[in-house]
Amino acid sequence: MSSQASGAEKETALEVKGLWVGYDKHPALEDVSFSVRAGEMVGVVGPNGAGKSTLFKVILGLRRAWRGTIQVAGMEAKSGRHLLGYMPQMELVDWQFPVTVFDVVMMGRYGRLGLFHRPMRKDRDAVLSCLEQVGMQDLAGRQIGELSGGQQRRAFIARALAQEPEVLLLDEPMAGLDAAAQHDFLVLLDTLRQQDKTILVATHDLSCVATSFDKALCLNRRVIALGSPRDVLTMEILYATYQSHLLLVNVEGKIYASHK
Amino acid sequence: MPAISDPLASVSRFLLEPMRFAFMQRGLLAVVLVSIICAVIGTFVVLKGMAFIGDALAHSSFAGVATAFVLGANIYLGAAIWAVLAALTIAFISRRAGVRFDTAIGIIFAGGFALGIVLISGAKNYTVDLFSFLFGNVLGVGSSDLLLIGVTSAIVIGIIGLLYKEFLFTSYDPTMAAASGLPVGLLQYLLLALLGITTVVSMKAVGIVLVVAMLVTPPAAAALLTQRFHLIMLLGAAIGVLSSIVGLYLSFYARVASGAAIVLVATFFFLLALLFAPRGLLFRRGGG
């Protein structure tokens, strides 16, 4: 009986209600509320300073909210945090550090291992299976600085997967990838979505959101809109989201967007 | 006269001769221990660009040395308390007060060192003692010094061993480490405190001025030879130990300052690594 319930309406994977966050006294997010269902892939779009990274950091517990609640898979954020997988902006990663791909992915296990505990056989097996999922098993022994852009992102997706997440938070994962690598990356995200992973991607690439994502969350300190890209990525909403930071060109009924 | 023609006998005599002296045995054990903990902590120092802070803690702890000296208290204790306080103050100032990290280091560095000089220069016999603190006096290591170095080394290595994966994770990616629920701030303070303690016990062996070389040079040489974190630590320790032994013999036979001799040998190994490492200067163009 219970298996039928999962048919039409999936459960809520992430729910944010009335969230206020700020630096000093300046709010970075104002009264942000939205919810995402399990298995959805959501593009979080907005100009620089819109609060995309801040939103992820609050969900991850790296910043404290002024007020508001966050629930992960129906649990309060604190107890649901182990269900989150995170991939930081690639430009913030120290690529010179002497660790291998395997080491980096193993770090995804540390949260579950807890203090003092050393990785066991099952952790190593989990790391290898995560690397296999992203097609990186042959590069496990490579130093991370020796990877191509696409491989770097796969390694960090594998680390996020090693956290055994229900919800993945990816901060600008496609920035700096060429078209082919970007396509491969989207194929990878699609296979994860088919495994019912919920995926939030902060991105500047509106056309990619339009073609490959289930939903777009337009953010500029407040939630401007959340819905299917077709409904949400309109001239009106994009102007409201980006204000003066975006150049929109309407060519024969199609909208092309670029950043100033 | 024993046979000069037997090379094996003369080599073993060369090696054993200095060890007839108890102070040389203690000195050797001291520098070996010091070079191991310096390399272990120094690996983090090198990879996180913390060399300046290691140097600062050593110099600043001179104020603790001087205070203890004037009060007639235990010098190590004075230096250790000061070094740990300095480390925490630097971290606290830069985290909370909006002063840049390197600026905070510079202030604590020079302020503590100056206080030390003022206190010592007001005391009697200051030239002799000043010299031994600044440049080390490994041959003056007593049994109680050795015991202290041994216990401290065990504690430092024990803590690093116990929290190895946590220190590695926080050093590499503090954001993700915090998101995984690790107490990142606490771990960073703890690493700084261990760095402070390490510089203090190394003081007797190589002196305040040269401690930074023991922290930085061996792991930096190792980092040119391998790309794995734990191997840099192990190889760095090996290079440090070798430098210490060679340097100590050098100082015995050439009658030069032991701390400086050890540091010079380590520098020589670093230059070798720089030239001949797979990614070193000589092979940079050819290697892939």
Side-chain angles (χ1 to χ4, degrees), chain A residues 24 53 56-64 77-82 84-90 92-120 123 141-146 155-156 159-160 162-165 169 171, chain B residues 39-40 42-50 96-98 158-187 190-191 219-236 273 277-279 287-288:
Chain A
D24 294 328
S53 290
F56 283 7
K57 283 184 179 160
V58 182
I59 295 171
L60 288 162
L62 296 172
R63 290 198 62 84
R64 197 168 285 175
K78 239 185 187 162
S79 42
R81 202 154 283 153
H82 66 282
L84 298 169
Y86 173 57
M87 173 175 168
Q89 289 182 28
M90 290 292 98
L92 300 180
V93 172
D94 181 355
W95 297 108
Q96 300 298 317
F97 207 85
V99 283
T100 61
V101 171
F102 186 91
D103 296 334
V104 167
V105 178
M106 182 59 89
M107 288 177 193
R109 305 292 304 168
Y110 286 3
R112 286 179 180 270
L113 276 170
L115 283 176
F116 305 118
H117 295 277
R118 286 175 180 279
M120 309 290 276
D123 297 298
R142 282 279 182 89
Q143 199 264 331
I144 43 156
E146 298 171 356
F156 277 80
R159 183 175 76 168
Q163 295 178 276
E164 295 179 26
L169 303 172
D171 201 348
Chain B
V40 167
T43 301
F44 292 100
V45 170
V46 166
L47 294 171
K48 290 315 292 174
M50 287 158 53
R96 295 294 163 85
I159 292 177
I160 294 283
L162 209 56
L163 291 168
Y164 177 78
K165 85 179 198 304
E166 285 78 9
F167 282 127
L168 177 64
F169 198 5
T170 9
S171 295
Y172 174 60
D173 188 346
T175 308
M176 173 78 175
S180 301
L182 290 186
V184 171
L186 204 65
L187 286 164
L190 182 58
L191 192 61
L224 292 169
L225 299 170
T226 171
Q227 296 252 59
R228 302 295 303 276
F229 191 88
H230 64 282
L231 291 181
I232 293 177
M233 213 175 244
L234 292 174
L235 192 58
R279 294 171 302 132

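Residue numbering restarts at 1 for every chain, and letters A, B, ... go by the order of the sequence lines. Because the structure is a prediction, the values reported are computed rather than measured. Only this structure's heavy atoms are used, side chains among them; waters, hydrogens and symmetry mates stay out.
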Participant: Any idea which heavy atoms bring B/G236 and B/A39 closest together, and the distance?
Facilitator: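 Scanning both residues completely, I find the closest heavy atoms to be C-CB, 3.5 Å.
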
Participant: Is it the side chain or the backbone of B/L47 that comes within 4.5 Å of chain A heavy atoms, both, or neither?
Facilitator: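 The answer is both parts of B/L47.
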
Participant: Which answer fits A/L169, side chain, backbone, both or neither, if we ask what part of it has an atom under 4.5 Å from a heavy atom of chain B?
Facilitator: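 Neither part.
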
Participant: Return the orientation label for the A/Y110 and B/F169 ring planes: parallel under 30°, perpendicular over 60°, tilted otherwise.
Facilitator: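 Perpendicular.
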
Participant: Under a 4.5 Å heavy-atom cut-off, does chain B meet the side chain of A/L62, its backbone, both or neither?
Facilitator: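 Only the side chain of A/L62 comes within 4.5 Å of chain B.
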
Participant: Could you look at B/L162 and say if it's the side chain, the backbone, both or neither that has a heavy atom under 4.5 Å from chain A?
Facilitator: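 Both the backbone and the side chain of B/L162 come within 4.5 Å of chain A.
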
Participant: Judged by atom type as modelled, is there a donor-acceptor pair below 3.5 Å linking the side chain of A/R112 to the main-chain atoms of A/H82?
Facilitator: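 Side chain of A/R112 to backbone of A/H82: a pair is present.
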
Participant: For residues B/F167 and B/L187, report the shortest heavy-atom separation together with the two atoms involved.
Facilitator: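 Looking at all heavy atoms of both residues, the shortest contact is CE2-O, 3.3 Å.
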
Participant: Grab the two heavy atoms, one from B/P219 and one from B/I232, that are nearest each other, plus how far apart they are.
Facilitator: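 So the minimum-distance heavy-atom pair works out to O-CG2, 3.7 Å.
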
Participant: At a heavy-atom separation under 4.5 Å, does A/F156 approach chain B through its side chain, its backbone, both, or neither?
Facilitator: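 Looking at A/F156, just its side chain touches chain B.
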
